[in-house]
Amino acid sequence: MANAEHSGRPAEAFGSTAVGTTRAARLRAARLGLWLLAAVLAVRQVAVVLGTPRGERLTDLETWVGPDGVLHVNGSLYDSTRFTGTPFGGLVLKPLTRAAEQALGWGWTFGTLLLVVALGLVVARALPQPVSRRTSLLAAPVAISLLMLSLPVRNTLWLGQTSIIPVLLVLLGCFVVRGQKAGGALIGLAAALQPTVLLFAALLWFTGRRRAAAATGATFAGVTALAWAAMPHDSYTYWVHHMAGVGLGGKADALANQSLHGALLRLGLTGPLEIGLFLAVGAAVAVLGVRRAVRYARDGQLLLAVALTGCAAIAVSPTTWQHQLLWVLLAVVGRVGRRASDRYVWPVAVVLVMTLPAKMMLPNMPALYPLRDNAVLLAAIAAATVVPFLPRTSPHYHAPIPTEYAEPVPARLRHVPLLPFLRRVLTRPNLLLELLLIRVTYAAYQQVRLAATGGSNSAGRVRAEAHGQEILDLERFLHIDIEHTVNHWVVGVEWLRDFFDFYYESFHFVVPLTVLAVLYWRRPVDYRWARSSLGFATLLALVGFWLYPLAPPRLMPALNIIDTVHGVQDFSKPDYGTLTALTNQYAAMPSLHFGWSLWCGLVIAIVAPRWWMKALGLLHPFFTVSAIVATGNHWVLDAAGGAVVVLAGFGLSYALMGPRARSVKLPERTDPVPATKEPTPSG
């Protein structure tokens, strides 16, 4: 205060300056960290590509530089192995690929990397104004990092594709180049490389940029005519014989073709019916997509409008391979949801769809194959036609309905919670977001379990059996080696054996999901606390699976344990049966069968209002530990390990986020704003 008084400034101003300096320092640190993350991701992608044997990477460059590639074919471009681009693409990219051949892919890979960086910088610059200083500083590294993680960019780098160029040309024409004619010319060049980009001419026309639309059409027609004059046979093959490339390259019904045409073929439709349906649905998507894009462009969200037009182009193209799907990722800039807690649903869904394989998004069930096989296409169609992006005129665009937080509960320890910003929320989380995160988390859990043994059960069998013998020796020392006795006694009592088999197979998932569902609906505050504790426990269990692969009693041949659930096993083979081909059979320590059941019992005992409910909940872990030992699927010490990780999960939740908040009954209405119709942009 003395310094403040002598300097003639009030203490409040000095304090606010200090706070501002601290925030600025944190912002600079966050920006530096994000740029480092982007650099690490870029280096990793390049290292993965260039560290792969030459015959297994940049395989699409073989279209150009291989023994039967474009550079070595004297006749038609389409006499080569897999060339599917436009004749103009072959005309202008041939010199670039000759350089790529001389550089053995290095120049091509680093050139593609620079294109990705340029794309991220342009996207960051194109965000709707005004933006906060934090957004302006962090947007570029975040955009580049997401691009590096996305499946289209990873495939482009791996295969040696050129699909980033049309996207970058469109963005440069819309946001960087001055003058409508120059911008339209760049978009026309992009359309000459990828014909469905012509859909952007409609966006330009209906948003008043008619000179740019005319320049787009003129440039496309001019360079296509130039290519036709230089390569008449190839141009006839592409534009007439194959109808803008239809039928060139891979099979149209391949999973990689994320277009309406490919989806209809995968559904079993063929012939005139499929063609007619594709044209009708494609026209509807194009009209709706462009109409919505025009509306958002007039609203000042031009980047979103460009993304929606690109999503429509994905759907209407006869062939849209995975490396051409970047438009869906750009749609992440749209804002969906009036509540602050709903704002994360759309960006999280887009990022997951664009960065993770479809098998991780949806369970491996035949009924879900149509959704799983067309996940990116469905995201593109949804963005172009139905996702309710907020207009900037909406009162909730800049000020969403705030999240309600519970009053903090004082902790016994001074430094708890360690992360005070993770406050207990009163309202229910978004259900779709929860389901997405639960599914992806479980898929990652399965992958880590399997990777812990090198990707197969045979890779870790010796080590797992050695650990099994260690556990058995320790149990004998503690006089708790009851697995063989209990197993053979239960086998002799048929009804008891059937009961434990049913309990083991049925209740492992049913009870935890039921507990989560009841808490989600009736006690959302407790739901978040319980879900976080379960997540921490499962994460700790994954560490155990990784560090200590362990063969359960049923996979120890010398013990003569009868596997009552899976049947008689052939111990002469490291893998046996469908189950062992899908999961890591040596993920026994700690036992999540018992761990999850103990979590259920403790949660029920804590939150249930009646004593008999609490007692019934605690019976579940008792029956579970009996079942896992009786069926030969776990050691007694596995259950002890499960108890340790569950208690540690509750402890981490307490340490990081503080004590469990007091339950509060949800109000009937959480929206303080009167229910009025959202104003929409004109047009």
Report task. Give a yes or no on whether the backbone of Ser150 and the side-chain of Thr355 come within a donor-acceptor separation of less than 3.5 Å. Result -> no
**Report entry** Main-chain N/O of Asp373 paired to Gln258 side chain as donor or acceptor, under 3.5 Å
**Finding:** yes
Query - Exercise: identify the closest heavy-atom pair between Ala143 and Val123 - result: CB-CG1, 4.5 Å
Requested in this report: Go through Trp321 and Thr319 one step at a time and tell me if the side chain to side chain contact (heavy atoms under 4.5 Å, CB included) criterion holds.
Outcome: CA-CA 6 Å; Trp321 306 113; Thr319 53; 4.1 Å; yes
Query raised in the report: Is a side-chain N or O of Arg266 found less than 3.5 angstrom from the main chain of Pro370, in a donor-acceptor match?
Result: no
Requested in this report: Might you point out which heavy atoms bring Ala202 and Val290 nearest each other, and give the distance in Å?
Outcome: CB-CG1, 4.0 Å
Report task. Verify, without hydrogens or angle tests, whether Thr385 (side chain) and Leu288 (backbone) share a donor-acceptor contact under 3.5 angstrom. Result -> no
Report summary line: To the nearest 0.5 Å, atom OG1 of Thr156 lies from atom CD1 of Ile165 at 10.0 Å
Report task. Could you check if a side-chain atom of Leu121 sits within less than 4.5 angstrom of a side-chain atom of Arg125, using non-hydrogen atoms only? Result -> no
Query raised in the report: Got a donor-acceptor contact below 3.5 angstrom from the Ser317 side chain to the Ala313 backbone?
Result: no
**Report entry** Trp35 (side chain) donor-acceptor with Ala140 (main chain) under 3.5 angstrom
**Finding:** no
Requested in this report: For Arg292 and Leu308, indicate whether the former's side chain and the latter's backbone hold a donor-acceptor pair under 3.5 Å.
Outcome: no
Query raised in the report: When rounded to the nearest 0.5 angstrom, what is the spacing between CG in Leu169 and CG in Leu193?
Result: 6.5 Å
Query raised in the report: Nearest 0.5 Å, what's the CG-SG distance between Leu203 and Cys174?
Result: 7.0 Å
Report task. Write down the atom of Ala315, the atom of Ile381, and the distance for their closest heavy-atom approach. Result -> CB-CG1, 4.0 Å
Report task. Give, for atom CG of Leu330 and atom CG of Leu171, the distance between the pair rounded to the nearest 0.5 Å. Result -> 6.0 Å
Requested in this report: Show your reasoning for whether side chain to side chain contact (heavy atoms under 4.5 Å, CB included) applies to Arg343 and Val336.
Outcome: CA-CA 6 Å; Arg343 283 291 169 86; Val336 182; over 6 Å; no
Report task. Check whether any side-chain heavy atom of Val116 lies under 4.5 Å from a side-chain heavy atom of Leu168, and answer yes or no. Result -> no
Query raised in the report: Is any side-chain heavy atom of Phe220 closer than 4.5 Å to a side-chain heavy atom of Leu189?
Result: no
Requested in this report: Check whether more than 12 heavy atoms from other residues, nucleotides or ligands sit under 6.0 Å from atom CZ of Phe175, and answer yes or no.
Outcome: yes
Report task. Report the C-alpha distance between Glu274 and His261 in whole Å, list the side-chain angles of each, state the deciding distance to 0.1 Å, and finish with yes or no for side chain to side chain contact (heavy atoms under 4.5 Å, CB included). Result -> CA-CA 8 Å; Glu274 186 274 328; His261 179 51; 2.7 Å; yes
Requested in this report: For the pair Gln301 (side chain) and Leu390 (backbone), establish whether a donor and an acceptor sit closer than 3.5 Å, ignoring hydrogens and angles.
Outcome: yes
Query raised in the report: Side chains of Asn257 and Gln324: closer than 4.5 Å at any heavy-atom pair?
Result: no
Query raised in the report: Taking the side chain as C-beta and beyond, is there a heavy-atom pair between Leu113 and Gln45 under 4.5 Å?
Result: no
Query raised in the report: Does any N or O in the side chain of Asn155 come within less than 3.5 Å of the main-chain N or O of Leu151, such that one atom is a donor and the other an acceptor?
Result: yes
Query raised in the report: What heavy-atom pair brings Thr320 and Ser259 nearest, and what distance separates the two atoms?
Result: OG1-CB, 3.7 Å
Requested in this report: Report the C-alpha distance between Thr309 and Trp327 in whole Å, list the side-chain angles of each, state the deciding distance to 0.1 Å, and finish with yes or no for side chain to side chain contact (heavy atoms under 4.5 Å, CB included).
Outcome: CA-CA 8 Å; Thr309 308; Trp327 299 112; over 6 Å; no
Query raised in the report: Would you say the side chain of Phe200 lies within less than 4.5 Å of the side chain of Thr216, judging by non-hydrogen atoms?
Result: no
Report summary line: dist Leu149:CG -> Leu356:CG (nearest 0.5 Å) comes out at 9.5 Å
Query raised in the report: Does the Thr224 side chain pair with the main chain of Ala221, one donor and one acceptor, at a distance under 3.5 Å?
Result: no
Query raised in the report: Between Ala312 and Ala384, what is the shortest heavy-atom contact and its length?
Result: N-CB, 4.0 Å
Requested in this report: Identify which one of Ile144, Thr112, Leu147 satisfies the side-chain contact (heavy atoms from CB on, under 4.5 Å) criterion when paired with Val117.
Outcome: Ile144
Query raised in the report: So, do Phe278 and Leu269 sit near enough that their side-chain heavy atoms are less than 4.5 Å apart?
Result: no
Query raised in the report: Do the ring planes of Tyr296 and Phe389 sit parallel (below 30°), tilted (30 to 60°) or perpendicular (above 60°)?
Result: perpendicular
Query raised in the report: Is Leu186 close to Val170 at the side-chain level, that is, under 4.5 Å between some pair of heavy atoms?
Result: no
Report summary line: OG of Ser145 to CG of Leu37, rounded to nearest 0.5 Å, is 4.0 Å
Report summary line: Between Leu127 and Ala139 the two heavy atoms that sit nearest each other are CD1-CB, 3.6 Å
